[in-house]
2 protein chains.
Amino acid sequence: MSKTVSQTVSGASTARRRLLDTATRLFYTEGIRAVGIDRIIAEAGVAKATFYNHFPSKDDLVLTYIEELDQQGRDAVSAFPEQPPRAMIAAIMGRISDAVTAGGWRGCPFLNAAAEYPDPNSPVRRAIDGRRAWYHDSLRKHLAANGDPVPSVTASLLVALSDGLLEMAYLDEPEDVPNLVAEALERLLVRP
Amino acid sequence: MSKTVSQTVSGASTARRRLLDTATRLFYTEGIRAVGIDRIIAEAGVAKATFYNHFPSKDDLVLTYIEELDQQGRDAVSAFPEQPPRAMIAAIMGRISDAVTAGGWRGCPFLNAAAEYPDPNSPVRRAIDGRRAWYHDSLRKHLAANGDPVPSVTASLLVALSDGLLEMAYLDEPEDVPNLVAEALERLLVRP
DNA sequence: TCCTATCCAGACAGGTCTGTCTATTTGCAG
DNA sequence: CTGCAAATAGACAGACCTGTCTGGATAGGA
């Protein structure tokens with residue numbers, strides 16, 4: 001018991017961090033199945049044995065990749081200052097515009113991963129399920145506070161629009177997306 | 001010149017047809033990279049040499065798979081009887097409800113393929129581009145005829161909603177989708 | 001009947017994938 | 001200084017991948 005807290009406070013094993021950063025970049029930009037372990041350890045500058053010391057398998061690395069992205073999104077939303085419900089919804093949806101105009105956008109990483117993981121019971125798919133439930137629930141609560149008569153339905157429409165706009169930014173014209181986000185809120189939210 | 005039209009009228013080479021049907025089923029349900037040629041020819045009951053006689057490479061088969069799905073969608077829409085613009089839009093979007101309630105839905109095959117093809121200049125991605133341009137354009141024309149003041153913007157919203165609802169049917173609750181399609185039209189289309 | 005195109009079965013080459021293992025080196029805690 | 005934990009490089013096994021090739025079977029048109 002009482003595992004020795006011998007980790008350096010800053011960084012918690014840089015090898016693991018570099019592996020995760022490299023995997024995140026490569027999985028996102030090229031696809032999960034398309035990127036092999038050899039490539040990841042080479043670009044991270046880490047030995048193979050070290051990799052398998054930190055992650056039992058590639059699937060475990062993929063799951064960590066998805067879970068970390070999910071957590072970052074939730075943290076970003078948690079960090080929003082309290083505002084009236086409509087402003088909260090606009091802030092949440094505004095993250096879409098920020099993400100797709102930052103450059104290097106290659107679609108929603110969760111939808112991309114789901115396309116490569118057909119088994120709905122796989123850990124990756126379960127993590128994606130959790131992410132989507134959280135997103136829908138966040139919107140639904142703010143919509144209810146905003147006086148929406150059918151907050152769950154409107155939340156579903158906003159979830160679908162979010163996914164669709166993220167894909168549109170990847171496949172069509174990313175520069176149109178911020179305006180479409182604003183337009184969607186204008187049309188789907190109840191008048192204040 | 002004058003290539004001998006010796007093909008039997010019915011079926012145009014059943015081996016090719018079986019290969020394409022098997023590939024369509026496997027690519028869609030399991031993913032493109034996840035399915036190898038050996039598996040396709042085994043389940044199609046076709047020899048390997050025969051496969052490479054009909055398709056120069058696997059990527060060629062993938063492209064044919066995408067192009068055929070695209071063509072089928074366009075044909076289905078072309079077959080719609082002429083109706084007032086709003087009914088045309090409802091019919092086009094109604095295909096979403098039909099698709100996702102038929103069973104075995106695993107997401108939009110074009111979005112799934114795009115997730116596995118990061119290169120925007122690849123033939124597969126170009127085919128997907130064409131598909132999306134056609135879909136947006138179809139909606140835009142009917143919206144204009146319906147008196148929408150900004151038909152292109154509304155068309156983009158409907159495209160995004162279509163993509164998002166197709167993913168929602170895969171990842172969340174498919175049974176909610178038909179109602180959401182109707183709700184979206186109710187809220188986004190101009191009053192008649 | 002014969003010819004030609006198409007089919008089948010399957011071996012093979014050359015590459016890549018994941019995961020294991022050996023053997024050595026580095027660096028910090030006690 | 002000693003010892004242990006964690007790092008390194010890289011070989012290796014076993015599976016799978018795409019694409020080529022050989023050799024033989026089948027069938028329809030001239």
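Letters A, B, ... mirror the listed sequences (proteins, then strands); counts begin at 1.
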Taking atom types as modelled, is there a side-chain donor on T154(A) or R187(B) under 3.5 Å from an acceptor on the other? yes
Can you list every ring-ring contact (aromatic ring centres under 6.0 Å, His included) pair that touches residues 59-99 of chain A, not counting sequence neighbours? F27(A)-Y65(A)
Counting only side-chain heavy atoms from C-beta out, which of [options] sits nearest to [X]?
| X | options | answer |
| --- | --- | --- |
| K58(A) | dT18(C), dC8(C), dA11(C) | dT18(C) |
| A47(A) | dA9(D), dA11(D), dT18(D) | dA9(D) |
| A49(A) | dT22(C), dG19(C), dC21(D) | dT22(C) |
| Y52(A) | dG19(D), dG19(C), dT8(D) | dG19(C) |
| N53(B) | dG10(D), dG19(D), dC7(C) | dC7(C) |

Is any NZ, NE, NH1 or NH2 atom of the basic residue among D129(B) and R132(B) found under 4.0 Å from an Asp or Glu carboxylate oxygen of the other? no
E30(B)/R39(B) salt bridge by N-O under 4.0 Å criterion: yes
Salt bridge (charged side-chain N to carboxylate O under 4.0 Å, His left out): which pairs involve residues 74-85 of chain A, sequence neighbours left out? D70(A)-R74(A)
Do any side-chain nitrogens or oxygens of T50(B) fall under 4.0 Å of OP1 or OP2 in dC8(C)? yes
H54(A) side-chain N/O to dA6(D) phosphate OP1/OP2 under 4.0 Å: no
So which one's nearest nucleotide on DNA chain C is more toward 5', A34(A) or P56(A)? A34(A)
CG of L111(A) to OH of Y170(A): how many Å apart, nearest 0.5 Å? 12.0 Å
Return the residues of residues 59-69 of chain A meeting this criterion: a heavy atom under 4.0 Å from some atom of DNA chain C. Order them by number, or give none. none
